[in-house]
Asks: 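The following block contains the structure, expressed as C-alpha coordinates.
A, B, ... follow the sequence lines: proteins, then strands. Residue 1 opens every chain. What's counted below: heavy atoms across the whole structure, side chains too, no hydrogens, waters or symmetry copies.
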Amino acid sequence: MKRLDCTYCEFKAQAAKFLKKEDLDTLASHCARVSFKPGEKIIRDGALSLNIAYLKDGIVKYQIQGPVKEQIMKIAKGPIYIGIPTTIGDKVNHYSVTALNICEVCFIDADVFKQFLYRNGMFAYEIIQIMSRNELENFRTCVNRVQKQVRGKVAEALLFLADEIFESDEFTLPITREELANLLDTTRESACRIMSEFAEAGYIELKVRDIKILKRDKLQKISEVG
DNA sequence: GCATTAACCACAG
DNA sequence: CTGTGGTTAATGC
(Lines give C-alpha, C1' and ligand atoms only; values in the text may rest on other atoms or scores of the structure.)
Protein backbone atom coordinates (compact mmCIF):
# COMPACT_ATOMS: atom_id res chain seq x y z
CA MET A 1 0.00 0.00 0.00
CA LYS A 2 1.23 3.44 -0.89
CA ARG A 3 2.45 5.42 2.07
CA LEU A 4 0.61 8.64 2.60
CA ASP A 5 2.18 11.92 3.44
CA CYS A 6 -0.42 14.31 4.77
CA THR A 7 2.13 17.03 5.45
CA TYR A 8 2.43 17.96 1.82
CA CYS A 9 -1.04 17.01 0.67
CA GLU A 10 -2.26 19.69 -1.70
CA PHE A 11 -5.86 18.86 -0.84
CA LYS A 12 -5.35 19.27 2.87
CA ALA A 13 -8.28 20.66 4.80
CA GLN A 14 -8.05 24.14 6.26
CA ALA A 15 -8.36 22.64 9.72
CA ALA A 16 -5.39 20.34 9.18
CA LYS A 17 -3.15 23.38 8.85
CA PHE A 18 -3.36 23.60 12.62
CA LEU A 19 -1.92 20.14 13.05
CA LYS A 20 1.73 19.76 13.91
CA LYS A 21 4.12 17.56 12.01
CA GLU A 22 3.74 14.66 14.45
CA ASP A 23 -0.02 14.87 14.25
CA LEU A 24 0.11 14.84 10.50
CA ASP A 25 2.31 11.76 10.68
CA THR A 26 -0.25 10.14 12.97
CA LEU A 27 -2.93 11.15 10.49
CA ALA A 28 -1.00 9.66 7.60
CA SER A 29 -0.63 6.32 9.34
CA HIS A 30 -4.33 6.15 10.26
CA CYS A 31 -5.69 7.23 6.96
CA ALA A 32 -6.60 5.28 3.84
CA ARG A 33 -6.87 6.85 0.47
CA VAL A 34 -9.47 5.43 -1.88
CA SER A 35 -10.49 6.27 -5.40
CA PHE A 36 -14.15 6.13 -6.50
CA LYS A 37 -15.71 5.97 -9.92
CA PRO A 38 -18.91 7.79 -10.88
CA GLY A 39 -21.92 6.11 -9.33
CA GLU A 40 -19.99 4.39 -6.55
CA LYS A 41 -21.07 4.97 -2.99
CA ILE A 42 -18.45 6.56 -0.76
CA ILE A 43 -20.71 6.51 2.29
CA ARG A 44 -23.49 3.95 2.55
CA ASP A 45 -26.65 4.60 4.50
CA GLY A 46 -27.04 2.10 7.31
CA ALA A 47 -23.44 0.91 7.23
CA LEU A 48 -21.14 1.01 10.26
CA SER A 49 -18.91 4.04 10.16
CA LEU A 50 -15.56 4.08 11.90
CA ASN A 51 -13.90 6.63 9.67
CA ILE A 52 -14.29 10.27 8.86
CA ALA A 53 -14.50 10.62 5.10
CA TYR A 54 -12.65 13.54 3.59
CA LEU A 55 -13.31 14.22 -0.06
CA LYS A 56 -10.03 15.48 -1.49
CA ASP A 57 -11.30 15.94 -4.98
CA GLY A 58 -14.44 15.24 -6.94
CA ILE A 59 -18.16 15.98 -6.99
CA VAL A 60 -20.68 14.08 -4.90
CA LYS A 61 -24.36 13.92 -4.08
CA TYR A 62 -25.77 13.39 -0.60
CA GLN A 63 -28.92 11.33 -0.32
CA ILE A 64 -31.06 10.32 2.59
CA GLN A 65 -33.87 7.79 2.84
CA GLY A 66 -37.19 9.50 3.41
CA PRO A 67 -40.56 8.03 4.32
CA VAL A 68 -41.55 7.89 0.67
CA LYS A 69 -38.37 7.78 -1.36
CA GLU A 70 -34.69 8.49 -1.36
CA GLN A 71 -34.09 12.24 -1.30
CA ILE A 72 -31.08 14.06 -2.71
CA MET A 73 -30.02 16.59 -0.11
CA LYS A 74 -27.27 18.39 -1.92
CA ILE A 75 -24.46 18.34 -4.40
CA ALA A 76 -20.99 19.27 -3.19
CA LYS A 77 -17.42 19.41 -4.35
CA GLY A 78 -14.11 18.59 -2.71
CA PRO A 79 -12.02 19.39 -0.87
CA ILE A 80 -14.47 18.99 2.01
CA TYR A 81 -15.27 16.67 4.85
CA ILE A 82 -18.27 14.61 3.84
CA GLY A 83 -18.70 12.33 6.80
CA ILE A 84 -18.39 14.24 10.05
CA PRO A 85 -22.05 14.22 11.18
CA THR A 86 -22.62 10.65 10.18
CA THR A 87 -19.51 9.34 11.93
CA ILE A 88 -19.49 11.51 15.04
CA GLY A 89 -23.26 11.62 15.43
CA ASP A 90 -23.88 7.90 15.39
CA LYS A 91 -22.16 4.59 14.79
CA VAL A 92 -24.22 3.97 11.69
CA ASN A 93 -24.49 6.20 8.65
CA HIS A 94 -27.67 8.21 8.27
CA TYR A 95 -27.12 9.16 4.68
CA SER A 96 -25.31 8.05 1.56
CA VAL A 97 -22.77 9.95 -0.46
CA THR A 98 -22.29 8.97 -4.07
CA ALA A 99 -19.48 9.95 -6.42
CA LEU A 100 -20.63 11.85 -9.51
CA ASN A 101 -17.24 11.86 -11.16
CA ILE A 102 -13.87 10.41 -10.19
CA CYS A 103 -13.45 11.05 -6.50
CA GLU A 104 -10.40 10.84 -4.28
CA VAL A 105 -11.28 10.19 -0.67
CA CYS A 106 -9.30 9.84 2.53
CA PHE A 107 -10.85 7.78 5.31
CA ILE A 108 -9.51 8.98 8.62
CA ASP A 109 -9.69 6.80 11.71
CA ALA A 110 -12.47 8.36 13.81
CA ASP A 111 -10.53 7.88 17.06
CA VAL A 112 -7.51 9.69 15.70
CA PHE A 113 -9.78 12.47 14.47
CA LYS A 114 -11.36 12.73 17.91
CA GLN A 115 -7.97 12.94 19.56
CA PHE A 116 -7.19 15.96 17.42
CA LEU A 117 -10.45 17.55 18.49
CA TYR A 118 -9.74 16.90 22.18
CA ARG A 119 -6.20 18.17 22.13
CA ASN A 120 -6.10 20.88 19.54
CA GLY A 121 -8.41 23.84 20.11
CA MET A 122 -7.61 25.56 16.85
CA PHE A 123 -8.30 22.41 14.92
CA ALA A 124 -11.55 21.87 16.79
CA TYR A 125 -12.60 25.45 16.21
CA GLU A 126 -12.10 25.10 12.47
CA ILE A 127 -14.26 22.01 12.47
CA ILE A 128 -16.97 23.75 14.48
CA GLN A 129 -16.87 26.62 12.04
CA ILE A 130 -17.35 24.25 9.12
CA MET A 131 -20.26 22.57 10.89
CA SER A 132 -21.79 25.93 11.76
CA ARG A 133 -21.61 27.16 8.23
CA ASN A 134 -23.17 23.95 7.06
CA GLU A 135 -26.06 24.41 9.42
CA LEU A 136 -26.61 27.98 8.34
CA GLU A 137 -26.64 26.82 4.76
CA ASN A 138 -29.07 24.06 5.62
CA PHE A 139 -31.49 26.56 7.13
CA ARG A 140 -31.16 28.67 4.02
CA THR A 141 -31.80 25.82 1.60
CA CYS A 142 -34.65 24.63 3.78
CA VAL A 143 -36.65 27.85 3.40
CA ASN A 144 -35.72 28.12 -0.24
CA ARG A 145 -37.04 24.67 -0.94
CA VAL A 146 -40.31 25.37 0.74
CA GLN A 147 -40.94 28.94 -0.32
CA LYS A 148 -39.43 29.37 -3.75
CA GLN A 149 -41.31 28.48 -6.85
CA VAL A 150 -39.88 25.87 -9.13
CA ARG A 151 -38.68 28.45 -11.64
CA GLY A 152 -36.65 30.15 -8.93
CA LYS A 153 -35.25 26.88 -7.68
CA VAL A 154 -34.12 25.80 -11.12
CA ALA A 155 -32.45 29.16 -11.75
CA GLU A 156 -30.78 28.95 -8.37
CA ALA A 157 -29.56 25.42 -9.01
CA LEU A 158 -28.06 26.34 -12.36
CA LEU A 159 -26.22 29.29 -10.81
CA PHE A 160 -25.11 27.12 -7.92
CA LEU A 161 -23.65 24.53 -10.27
CA ALA A 162 -21.91 27.20 -12.34
CA ASP A 163 -20.55 29.18 -9.39
CA GLU A 164 -19.92 26.69 -6.62
CA ILE A 165 -19.34 23.42 -8.38
CA PHE A 166 -17.87 24.01 -11.82
CA GLU A 167 -16.71 27.60 -11.48
CA SER A 168 -17.66 28.11 -15.08
CA ASP A 169 -20.77 29.26 -16.92
CA GLU A 170 -20.41 26.26 -19.17
CA PHE A 171 -20.79 22.83 -17.66
CA THR A 172 -22.26 19.38 -18.01
CA LEU A 173 -25.09 18.52 -15.67
CA PRO A 174 -23.68 15.80 -13.38
CA ILE A 175 -27.10 14.31 -12.63
CA THR A 176 -30.21 13.29 -14.54
CA ARG A 177 -33.27 15.55 -14.83
CA GLU A 178 -35.02 13.19 -12.48
CA GLU A 179 -32.35 13.71 -9.83
CA LEU A 180 -32.26 17.45 -10.35
CA ALA A 181 -36.03 17.51 -9.85
CA ASN A 182 -35.65 15.42 -6.71
CA LEU A 183 -33.02 17.82 -5.39
CA LEU A 184 -35.32 20.77 -6.05
CA ASP A 185 -38.38 19.09 -4.68
CA THR A 186 -40.28 19.02 -7.93
CA THR A 187 -41.00 16.67 -10.82
CA ARG A 188 -38.88 15.75 -13.80
CA GLU A 189 -41.47 17.29 -16.12
CA SER A 190 -41.45 20.65 -14.39
CA ALA A 191 -37.65 20.80 -14.30
CA CYS A 192 -37.48 19.87 -17.99
CA ARG A 193 -40.09 22.39 -18.93
CA ILE A 194 -38.49 25.26 -17.07
CA MET A 195 -35.06 24.55 -18.50
CA SER A 196 -36.55 24.49 -21.98
CA GLU A 197 -38.28 27.73 -21.14
CA PHE A 198 -34.97 29.31 -20.07
CA ALA A 199 -33.37 28.10 -23.29
CA GLU A 200 -36.29 29.46 -25.28
CA ALA A 201 -35.88 32.84 -23.61
CA GLY A 202 -32.16 32.80 -24.40
CA TYR A 203 -31.06 32.72 -20.77
CA ILE A 204 -29.18 29.48 -21.26
CA GLU A 205 -27.96 27.26 -24.03
CA LEU A 206 -29.16 23.72 -23.62
CA LYS A 207 -27.87 20.57 -25.26
CA VAL A 208 -29.32 17.80 -23.14
CA ARG A 209 -26.73 17.63 -20.34
CA ASP A 210 -24.53 20.44 -21.62
CA ILE A 211 -25.52 23.79 -20.21
CA LYS A 212 -24.17 27.23 -20.87
CA ILE A 213 -25.35 30.24 -18.95
CA LEU A 214 -25.93 33.19 -21.24
CA LYS A 215 -27.90 35.67 -19.17
CA ARG A 216 -26.75 35.28 -15.63
CA ASP A 217 -28.48 38.50 -14.50
CA LYS A 218 -31.85 37.15 -15.63
CA LEU A 219 -31.35 33.87 -13.81
CA GLN A 220 -30.18 35.77 -10.74
CA LYS A 221 -33.36 37.78 -10.79
CA ILE A 222 -35.59 34.74 -11.23
CA SER A 223 -33.70 32.95 -8.50
CA GLU A 224 -34.32 35.80 -6.07
CA VAL A 225 -37.91 36.58 -6.94
CA GLY A 226 -39.02 32.99 -7.27
C1' DG B 1 -64.90 33.51 -13.45
C1' DC B 2 -59.96 33.71 -15.17
C1' DA B 3 -54.98 33.20 -14.93
C1' DT B 4 -51.07 30.98 -13.05
C1' DT B 5 -48.46 27.24 -11.26
C1' DA B 6 -47.22 22.72 -10.96
C1' DA B 7 -48.22 17.80 -10.47
C1' DC B 8 -49.71 13.61 -12.93
C1' DC B 9 -50.21 10.78 -17.10
C1' DA B 10 -48.99 9.41 -21.59
C1' DC B 11 -46.10 8.84 -25.30
C1' DA B 12 -42.33 9.55 -28.67
C1' DG B 13 -37.56 9.70 -29.62
C1' DC C 1 -33.16 9.25 -20.05
C1' DT C 2 -35.44 13.47 -22.26
C1' DG C 3 -38.79 16.52 -24.03
C1' DT C 4 -43.68 17.73 -24.76
C1' DG C 5 -48.53 17.97 -24.72
C1' DG C 6 -52.91 17.45 -22.41
C1' DT C 7 -55.41 17.34 -18.06
C1' DT C 8 -56.46 18.59 -13.46
C1' DA C 9 -56.28 20.65 -8.83
C1' DA C 10 -55.14 24.46 -5.99
C1' DT C 11 -54.56 29.26 -5.30
C1' DG C 12 -54.96 34.15 -5.99
C1' DC C 13 -56.96 38.10 -8.05
Side-chain angles (χ1 to χ4, degrees), chain A residues 35-47 55 57-78 82 93-105 137-226:
Chain A
S35 213
F36 290 87
K37 293 190 192 65
E40 290 181 338
K41 280 196 173 166
I42 298 169
I43 293 176
R44 189 177 297 278
D45 191 11
L55 176 65
D57 193 29
I59 299 170
V60 296
K61 62 174 176 185
Y62 292 61
Q63 44 212 150
I64 187 163
Q65 188 60 49
V68 180
K69 58 178 175 177
E70 180 127 288
Q71 186 74 32
I72 298 178
M73 299 301 291
K74 65 171 176 179
I75 307 275
K77 171 186 83 158
I82 53 176
N93 290 325
H94 285 210
Y95 57 86
S96 295
V97 177
T98 309
L100 294 179
N101 58 9
I102 300 230
C103 285
E104 297 294 333
V105 180
E137 200 181 307
N138 287 341
F139 290 161
R140 200 77 264 150
T141 50
C142 185
V143 279
N144 280 348
R145 260 192 206 185
V146 175
Q147 298 186 0
K148 273 193 186 178
Q149 289 183 183
V150 179
R151 193 170 279 96
K153 292 195 270 195
V154 172
E156 185 185 30
L158 293 177
L159 289 172
F160 166 78
L161 289 169
D163 296 341
E164 312 288 327
I165 303 295
F166 296 101
E167 292 173 48
S168 161
D169 281 352
E170 216 171 335
F171 58 89
T172 301
L173 202 62
I175 50 177
T176 66
R177 298 285 198 274
E178 182 78 56
E179 292 176 306
L180 178 70
N182 179 298
L183 176 70
L184 303 180
D185 222 355
T186 181
T187 58
R188 188 194 95 247
E189 294 95 319
S190 295
C192 267
R193 207 161 289 184
I194 285 162
M195 291 219 286
S196 301
E197 188 187 302
F198 286 168
E200 187 72 26
Y203 300 163
I204 60 171
E205 197 177 301
L206 192 61
K207 275 182 292 176
V208 195
R209 294 277 188 110
D210 293 323
I211 292 168
K212 186 173 179 181
I213 292 180
L214 300 174
K215 299 205 173 138
R216 143 178 307 274
D217 53 329
K218 296 282 187 189
L219 291 182
Q220 196 75 53
K221 190 80 186 163
I222 294 168
S223 160
E224 283 161 17
V225 177

Asks: Indicate yes or no for a side-chain donor-acceptor contact from A:Lys148 to the backbone of A:Ser223 under 3.5 Å, with no hydrogens or angles considered.
Replies: yes
Asks: Starting at atom CD of A:Gln149, determine the distance to atom P of C:dG12, rounded to an integer number of angstrom.
Replies: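 For the pair A:Gln149 CD and C:dG12 P, the rounded distance is 11 Å.
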Asks: How close or far is atom P of C:dT2 from atom CG of A:Asp210, stated in whole angstroms?
Replies: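 It is 12 Å, rounded to the nearest whole Å.
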Asks: Whether A:Arg151 and A:Glu197 form a salt bridge (side-chain N of Lys/Arg under 4.0 Å from carboxylate O of Asp/Glu) is what I want to check.
Replies: yes
Asks: What residue among A:Leu100, A:Leu184, A:Ile72 forms side chain to side chain contact (heavy atoms under 4.5 Å, CB included) with A:Glu179?
Replies: A:Ile72
Asks: Rounding to an integer number of Å, can you tell me how far A:Ile175 CD1 sits from C:dT2 C1'?
Replies: 14 Å
Asks: Tell me if a side-chain donor or acceptor on A:Ser96 pairs with a main-chain N or O of A:Gln63 at a distance below 3.5 Å.
Replies: no
Asks: Among residues 189-197 of chain A, which residues get a heavy atom nearer than 4.0 Å to DNA chain B?
Replies: A:Glu189, A:Ser190, A:Arg193
Asks: Taking CG from A:Leu180 and P from B:dA6, how many angstroms apart are they, rounded to a whole number?
Replies: 14 Å
Asks: Using whole Å, report how far CZ of A:Arg209 lies from C1' of C:dT2.
Replies: 10 Å
Asks: Between B:dA7 atom C1' and A:Asn182 atom CG, what is the distance in whole Å?
Replies: 15 Å
Asks: How close do A:Arg188 and A:Ala181 get, counting heavy atoms only, and between which atoms?
Replies: N-CB, 3.5 Å
Asks: Grab the CD-P distance between A:Glu200 and C:dG3 for me, whole Å please.
Replies: 13 Å
Asks: Separation of A:Arg151 atom CZ from B:dA7 atom P, in whole Å?
Replies: 12 Å
Asks: Quick one: does A:Asn101's side chain have a donor or acceptor within less than 3.5 Å of a partner on A:Ile59's backbone?
Replies: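 The answer is yes, because a donor-acceptor pair under 3.5 Å joins these two groups.
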